[in-house]
J.: 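Just passing along the structure, written as structure tokens.
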Amino acid sequence: MAYTALYRKWRPQTFEDVKGQDHIVTTLKNQIRTGRIGHAYLFCGTRGTGKTTIAKIFARAVNCERPVDGNPCGACAACRSIAGGNSVNVVEIDAASNNGVDNIREIRSEVQYSPAEGKYRVYIIDEVHMLSTGAFNALLKTLEEPPSYVIFILATTEAHKIPVTVLSRCQRYDFRRIGGETIIDRLAEMAAAERIDVEEKALRYIAKKGDGSMRDAISLFDQCIAFHYGERLTCEKVLEVLGAVDNEVFSSLLRNVAGGDTVGSLRIVEEIVLQGREITQFVLDFTWYMRNLLLFEATGDAEGLDVTAEDVGRLGEEAKLVDGGTLMRYIRIFSELSNQMRYAAGKRVLLELAVIRLTKPQMEENMDSIVKRLKELERRLDEGNFALPERPGGFEPGTGTGAGVPGQEPGNASGVDERGADSEERLVVLPKAQYEDLQLVKGQWGRIVRDLGAASRPVLSGAEVEPFGEGGLMLNFRDETLYLIGSRESVLSELTDYVRMNFQREITFRARLLAGSERKDTRYVSEEELKEKIHMDIVTEND
């Protein structure tokens with residue numbers, strides 16, 4: 001026998017089995033008991049909250065020969081026929097694929113005939129907001145004055161797309177998101193019946209990932225069971241299957257960010273990537289973690305936050321490290337990041353830039369970052385610390401350490417002698433091929449940065465291009481945080497591949513950090529221009 005997915009196997013068969021929608025269930029049961037049954041219903045709410053399930057139970061209940069307290073008996077011929085999908089009295093229509101005027105005209109022609117068996121002919125139209133304007137207009141008259149034996153149940157996840165003329169002809173029922181504890185209880189009930197050994201913390205995380213949808217939570221539960229079939233399902237195994245991260249990682253990242261430790265924060269991000277975790281989900285979960293911390297700090301109470309006792313103790317410690325205003329800035333940055341990641345290819349780079357922004361408020365000019373910087377200055381003054389903070393990454397001002405170009409002195413990647421700030425412009429002669437490469441890249445730099453995408457654009461847009469070695473080009477960065485990312489082999493390789501594909505040039509790119517006082521008052525000319533510039537001070541690069 002073929003395997004049946006848990007969400008289908010455990011689909012409620014009576015109103016009592018439905019969880020989390022008591023306000024709707026009670027109303028419909030009372031209507032069935034008293035015979036006050038409407039002719040058109042609109043079920044709206046997020047996915048997986050029971051709209052189609054309750055519609056099918058209602059269709060069986062109104063046609064049941066022996067209803068029990070408003071519930072279908074499940075034993076009569078009508079109940080068995082409808083449950084088996086063999087009844088001509090219950091018609092399910094997917095409006096996403098049957099959204100034309102002709103489909104509605106077929107319904108209008110069918111409703112003229114009374115049911116051959118049972119009391120009512122029930123039409124369940126799922127995703128009704130997908131109907132065309134003409135189809136809605138064709139449905140209006142039938143909705144307003146249908147035959148007494150016809151019931152329409154319209155289900156949608158986007159009620160705002162339903163025309164007002166249709167809304168006014170229906171009884172509207174709004175399905176709520178199902179609470180986490182309700183989902184946990186249902187999953188525990190299923191686990192006991194299916195003889196599955198599962199940790200309570202694992203169920204809690206699955207319920208959280210369900211985001212108010214019972215069906216989504218059950219599907220995730222089914223997925224985790226299949227991966228670790230026959231084993232005890234722990235929270236660590238659930239995190240592994242879903243590509244998620246434990247709260248301890250979020251706590252560690254937040255503490256590094258609050259302490260201004262850029263290097264430590266980026267190392268955590270690198271570990272997440274190396275473990276194969278889903279970056280988009282990591283951003284959402286970390287935002288949610290910061291949201292819980294903000295609410296805990298604002299109310300002083302963990303009630304309603306859906307966290308464990310261990311998490312409450314951790315939140316209490318972190319609430320002393322980060323104030324509410326700073327947390328709001330963190331949440332704003334990661335909310336913007338979540339939107340940017342939808343269409344981005346280099347998600348890791350975007351995440352790293354966001355983390356750097358968290359640890360370095362001086363990179364932003366909005367009000368909350370300025371407040372953060374002032375608080376940091378006040379703290380250092382109170383401690384009597386008037387020295388400049390240590391520059392992260394091992395870069396000392398004026399040294400240019402970390403250029404990564406062998407055979408050249410720090411701070412002089414081009415191989416030419418540097419002059420003081422007041423020196424005149426220098427003229428440097430380049431081989432013809434290297435000179436053409438330099439002019440091409442500098443002339444097309446705006447296009448190159450734009451085409452490389454949102455991940456590389458903020459990093460490379462501030463780089464200055466100059467020659468180095470025999471035929472190579474150097475990217476000079478004045479901001480060390482941008483250099484940390486721009487000097488990565490992946491970024492430089494992407495740039496090399498782009499130039500090769502679009503300009504048919506094989507150019508080697510390197511990156512270095514400029515010293516704080518270093519100036520680049522240099523003009524480059526080709527060997528052909530040497531004779532025209534012979535009267536000027538010429539410096540020729542060594543091969």
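Along the sequence shown, the residues carry numbers beginning at 1. The shown structure was predicted, so the numbers you read here are calculated from the model rather than taken from an experiment.
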J.: I want to know whether F152 and Y123 have ring centres closer than 6.0 Å.
T.: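 For F152 and Y123, the ring centres are under 6.0 Å apart.
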
J.: Is the shortest side-chain N to carboxylate O distance from E189 to R186 below 4.0 Å?
T.: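 Salt bridge flag = yes for R186 with E189.
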
J.: At their closest point, which heavy atom of A319 faces which heavy atom of L293, and how far apart are they?
T.: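 Where A319 meets L293 most closely, the heavy atoms are N-CD1, 3.8 Å.
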
J.: Under the criterion ring pair (Phe, Tyr, Trp, His ring centres under 6.0 Å), I'd like the reasoning laid out for F58 against Y41: C-alpha separation, chi angles, the key distance, then a yes or no.
T.: CA-CA 11 Å; F58 186 76; Y41 296 85; 5.1 Å; yes

J.: Are E317 and R255 close enough for a salt bridge, meaning some N to O gap below 4.0 Å?
T.: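 Answer for the salt bridge query: yes.
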
J.: Indicate yes or no: does R121 engage E110 in a salt bridge with an N to O separation below 4.0 Å.
T.: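 Here R121 does not pair with E110 in a salt bridge, since their nearest N and O are not under 4.0 Å apart.
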
J.: Do Y330 and F286 make the cut of ring centroids closer than 6.0 angstrom?
T.: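 Ring centroids of Y330 and F286 are no less than 6.0 Å from each other.
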
J.: Do Y289 and N247 pair up side chain to side chain, a donor and an acceptor below 3.5 Å, judged on atom types alone?
T.: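 There is no such pair between these side chains.
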
J.: Under the 3.5 angstrom rule, does the side chain of T287 hit a backbone N or O of V283 as a donor-acceptor pair?
T.: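 Confirmed, T287 side chain pairs with V283 backbone.
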
J.: Nearest heavy-atom pair of I279 and V273: which atoms, and what distance?
T.: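 Nearest heavy atoms, I279 then V273: CD1-CG2, 4.0 Å.
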
J.: Are D174 and R172 ion-paired here, with the side-chain N under 4.0 Å from a carboxylate O?
T.: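 A salt bridge is present here (some side-chain N lies under 4.0 Å from a carboxylate O).
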
J.: With a 4.0 Å cut-off on N to O distance, would you call R314 and E318 a salt bridge?
T.: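 A salt bridge is absent here (no side-chain N lies under 4.0 Å from a carboxylate O).
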
J.: Answer yes when K19 and E181 have at least one side-chain N-carboxylate O distance shorter than 4.0 Å, and no when they do not.
T.: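 Looking at K19 and E181, the cut-off is not met.
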
J.: Does R177 use its side chain to pair, donor to acceptor, with the backbone of D211 at less than 3.5 Å?
T.: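 Here the side-chain-to-backbone pair exists.
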
J.: Closer than 4.0 angstrom, basic N to acidic O: yes or no for E352 and R348?
T.: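 Counted as a salt bridge, because a side-chain N and a carboxylate O are separated by less than 4.0 Å.
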
J.: Could you tell me whether E194 and K9 make a salt bridge, using a distance below 4.0 angstrom between a side-chain N and a carboxylate O?
T.: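 Salt bridge between E194 and K9, a charged N being under 4.0 Å from a carboxylate O: yes.
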
J.: Identify the heavy atoms of A40 and R169 that sit nearest to each other, and give their distance.
T.: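 A40 and R169 have their closest heavy atoms at CB-O, 3.5 Å.
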
J.: List the atom of S252, the atom of I268, and the distance in Å for their closest heavy-atom pair.
T.: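 Nearest pair, atom of S252 first, then I268: OG-CD1, 3.3 Å.
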
J.: Distance alone, cut at 3.5 Å: any donor-acceptor contact between the side chains of Q340 and K347?
T.: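 On atom types as modelled, these side chains do not qualify, holding no pair under 3.5 Å.
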
J.: Please set out all donor-acceptor pairs under 3.5 angstrom arising from side-chain atoms of residues 68-75, sequence neighbours excluded.
T.:
| residue | atom | partner | partner atom | Å |
| --- | --- | --- | --- | --- |
| D69 | OD1 | R33 | NH1 | 2.7 |
| N71 | OD1 | F15 | N | 2.8 |
| N71 | ND2 | E16 | OE1 | 2.3 |
| N71 | ND2 | E16 | OE2 | 3.4 |

J.: Which heavy atom of A135 sits nearest a heavy atom of V101, and at what distance?
T.: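 Answer, listing the atom of A135 first, then V101: N-CG2, 3.7 Å.
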
J.: What are the two closest heavy atoms between L233 and A202, and how far apart are they?
T.: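 The answer is O-CB, 3.9 Å.
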
J.: Checking T156 against K161: is there a side-chain donor and acceptor pair closer than 3.5 Å?
T.: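 Not at all, the side chains of K161 and T156 share no donor-acceptor pair under 3.5 Å.
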
